[in-house]
Amino acid sequence: MSTVGKTITCQAAVAWEAGKPLSLEEITVDPPQKDEVRIKVLYTALCHTDIFTLSGDDPEGAFPVVLGHEGGGVVESIGEGVTDVKVGDHVVPLYTAECRQCKFCTSGKTNLCGAVRATQGKGVMPDGTSRFKCKGKELLHFMGCSTFSQYTVVSKHSVVAITEKAPLDKACLLGCGLTTGYGAATKTANVQAGETTAIFGLGAVGLAVVQGAVARKASRVIAIDTNDGKESWARKMGATDFINPMKLEGQSIVEKLIEMTDGGLDHTFDCTGNVNVMRQALEACHKGWGVSTIIGVAAAGKEISTRPFQLVTGRKWQGSAFGGVKGRSELPGLVDDYLAGKLSIDDYITHNTTLSEISKGFEYMKSGECLRCVVDMSK
Ligand SMILES: NC(=O)C1=CN([C@@H]2O[C@H](COP(=O)(O)OP(=O)(O)OC[C@H]3O[C@@H](n4cnc5c(N)ncnc54)[C@H](OP(=O)(O)O)[C@@H]3O)[C@@H](O)[C@H]2O)C=CC1
Ligand SMILES: N[C@@H](CCC(=O)N[C@@H](CSC=O)C(=O)NCC(=O)O)C(=O)O
Ligand SMILES: [Zn+2]
Ligand SMILES: [Zn+2]
C-alpha cells in the first residue's frame, strides 16, 4: 500500500541525551513538505562525527535527535517543487547542501551552501519544524540527514541521485568520510604531481586523503598515526612512508618531517581533530609555500595556535568541509570513479552491523581497528 502523503511508522536509533547510548525506538516520520524529499534509508555508515556529537562535545549538539549523516537509500516520496529526484531514485543525503542559488553556491569559491545551514544547525527543517516524533516528543534532525532512521526527510538541496549500478551499502561512504578525504586532497588542497604530502590521522578520512594524494601523483605521501595498526592500510592505499610519532626518539614529528623532506612539506593534512596535531601539521609545512589543511573536528572550546611568524614566513593554514566537494554536482562523478576502479570504497568497510545492533557499530568505531562500519537499516 502507498505511503505517499502519509505519516510512516518505522524504527530508528534515537539519541535521547548526550553521553548516553542510542536507543532503538519506533518513531513516526511525517510526509515531505514543499521542497523536501522522504528517503527510505537502506544503509548508513558510522562516522566519528556522530560519536563526537553524541558525546556532547559538539557545540551544535541538541537532543533528542536522530543522528547519522553517511547514508544511502531510495526516494519514497517527494514534496511540491522537487524536480531533481523522483520516487524510486537511489540517493545519498548531503550534509553539505548545494542549492546553486545562494551567495556561497554562486561565488565559485566554496562548496559551503547557505540555503539550509542555519536551520540544519538547529536540528530542524528549513521551515523550522521537525518531521520526526517518538512517544509524543519531537525529535531533532542531524546535519540535514538523520540516516539512523529507516525513513528520513531532507531538503531537496541536501540529496543527490546516483546510478543504481553503485551498491548503496558501498556508495553511502561517499556521503561523508571518503568524499571528505579524497576531495580535501584533490580539490581543497589541489595537490599537484611531484608535490610532497603528509597526512596526520589514518582513519577513513585520512586514508581517503592518502588515496587523493596518490591519485594526484604526489612524490611523497607520508602517513602518520599513533596506531601502528594503521600502517598496513596506509601502504595499501599507496602511502610512501609511515611514521608513528610515539616511536620517535630525541626528535619531534615536526623535526622528523622537515628532515625527511629537505625543509618541510608542500601539503599537510590534519585528520585527527586534535588541535596540537593541527599545529604540528602546520609547522611541518615548507617555509615560503607549504599549505596545511584542517579536516579534523575539534571539541567545543578547543582552539588552534602557532607563532604568527609561521604564517609570515609563507606557510598557509586552511580548512576543508566535505572535501570542498559540491555534492549534487560532483558526487555522481566520484561514484563513476568508484565504478571505474579509480576510487576504492570497499577497502574501507571493515565492519558491518544492523540497526538493531547499531551500538555494536559504535564500539567497533571506538576500537581503533575499524575504518567504517556499515549498518543494514532493514534489520
Ligand atoms: N571536515 C569534514 O568535512 C569532516 C571531518 N571529519 C572529522 O575528521 C576526523 C577524522 O575522521 P575519521 O577518519 O572518521 O576518524 P578516526 O578516529 O577513524 O581517525 C583518526 C585517526 O587519527 C589517529 N590519531 C589520534 N591522535 C593522533 C595523533 N596525535 N597523531 C597521529 N594520529 C592520531 C587515530 O588513532 P587512534 O585510533 O589510535 O586514536 C585514528 O587512527 C574526525 O575529527 C572527524 O570528526 C570527518 C568527516 C568530515
Ligand atoms: N557542529 C560541529 C561542526 C563540525 C564540523 O566541522 N563539521 C564538518 C563535517 S564533519 C562530518 O563528519 C563540516 O563540514 N562542517 C561544515 C558545516 O557547515 O558545518 C561544530 O560546531 O563543531
Ligand atoms: Zn562524517
Ligand atoms: Zn547554496
Side-chain angles (χ1 to χ4, degrees), residues 18 35 44-63 65 67-72 84 92-123 126 140-148 155-160 172-184 187-188 201 203-206 208 270-275 278 293-304 318-330 348 361-362 365 371-375:
D35 295 337
T44 187
L46 307 180
C47 173
H48 282 268
T49 307
D50 296 308
I51 297 173
F52 161 75
T53 301
L54 184 58
S55 74
D57 283 345
D58 182 349
E60 287 184 301
F63 299 83
V65 61
L67 297 172
H69 62 284
E70 197 168 304
D84 283 9
V92 171
L94 299 169
Y95 72 81
T96 299
E98 183 188 353
C99 75
R100 299 174 174 160
Q101 293 155 335
C102 75
K103 179 181 179 182
F104 295 86
C105 286
T106 56
S107 71
K109 296 174 181 173
T110 179
N111 66 322
L112 295 174
C113 168
V116 301
R117 184 59 183 81
T119 46
Q120 176 174 314
K122 296 186 175 74
L140 293 170
H141 296 248
F142 178 64
M143 292 174 72
C145 296
S146 290
T147 58
F148 290 174
S155 158
K156 68 178 181 180
H157 303 312
S158 304
V159 59
V160 62
C172 64
L173 268 67
L174 292 173
C176 185
L178 295 205
T179 301
T180 295
Y182 193 78
K187 284 207 73 182
T188 307
V205 173
D270 168 72
C271 305
T272 68
N274 178 318
V275 294
M278 294 171 188
T293 300
I294 293 176
I295 303 171
V297 170
K302 295 290 185 185
E303 294 180 347
I304 50 176
Q318 64 180 4
S320 181
F322 197 48
V325 171
K326 287 176 170 274
R328 290 173 60 208
S329 304
E330 296 174 334
Y348 291 82
F362 272 67
M365 290 292 281
L371 293 179
R372 275 300 187 263
C373 175
V374 172
V375 181

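Counting starts at 1 for both ligands and their atoms, in listed order.
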Residue [X] vicinity, atoms of ligand 2 by number, heavy atom under 4.0 Å:
X	answer
Cys176	11 (C), 12 (O)
Met143	11 (C)
Cys47	12 (O)

Any side-chain heavy-atom pair from [X] and [Y] closer than 4.5 angstrom?
X	Y	value
Ile304	Ile294	yes
Glu330	Lys187	yes
Val159	Pro93	no
Phe322	Leu112	no
Leu67	Thr53	yes
Tyr182	Val325	no

Nearest non-hydrogen protein atom, [atom]:
atom	answer
atom 9 (C) of ligand 2	Tyr95 CE1, 3.5 Å
atom 20 (C) of ligand 2	Asp58 OD1, 3.4 Å
atom 10 (S) of ligand 2	Thr49 OG1, 3.4 Å
atom 3 (C) of ligand 2	Glu60 OE1, 4.1 Å
atom 5 (C) of ligand 2	Val297 CG2, 3.6 Å
atom 18 (O) of ligand 2	Arg117 NE, 2.8 Å
atom 22 (O) of ligand 2	Pro59 CD, 3.7 Å

Please identify each residue that fulfils side chain to side chain donor-acceptor pair (under 3.5 Å) with Asn111, with sequence neighbours left out.
none

If only atom types and distance count, is the side chain of Asp57 paired as donor or acceptor with the main-chain N or O of Phe52 below 3.5 Å?
no

Whether the side chain of Glu70 engages the backbone of Gly177 through a donor-acceptor N/O pair (distance < 3.5 Å, no angle test) should be reported.
yes

Count of N, O or S atoms belonging to protein, less than 2.8 Å from the Zn ion (ligand 3)
3

Might you work through the salt bridge (Lys or Arg N to Asp or Glu O under 4.0 Å) test for Lys156 and Glu98, ending with a clear yes or no?
CA-CA 9 Å; Lys156 68 178 181 180; Glu98 183 188 353; over 6 Å; no

Working to the nearest 0.5 Å, report the span between NE2 of His157 and CG of Asp35.
6.0 Å

Taking the Zn ion (ligand 4) as the apex, Cys113 SG and Cys99 SG span an angle, rounded to 10°, of 110°

Opening angle between SG in Cys102 and SG in Cys105, taken at the Zn ion (ligand 4), to 10 degrees:
110°

Any heavy atom of His48 sitting closer than 4.0 Å to ligand 2?
no

Answer with side chain, backbone, both or neither: which part of Ala321 has a heavy atom less than 4.0 angstrom from an atom of ligand 2?
both

Please check if any side-chain donor atom of Thr188 sits under 3.5 Å from a side-chain acceptor atom of Gln318, or the reverse.
no

Does the side chain of Ser158 come under 3.5 Å of the side chain of Arg328 through a donor N or O and an acceptor N or O?
no

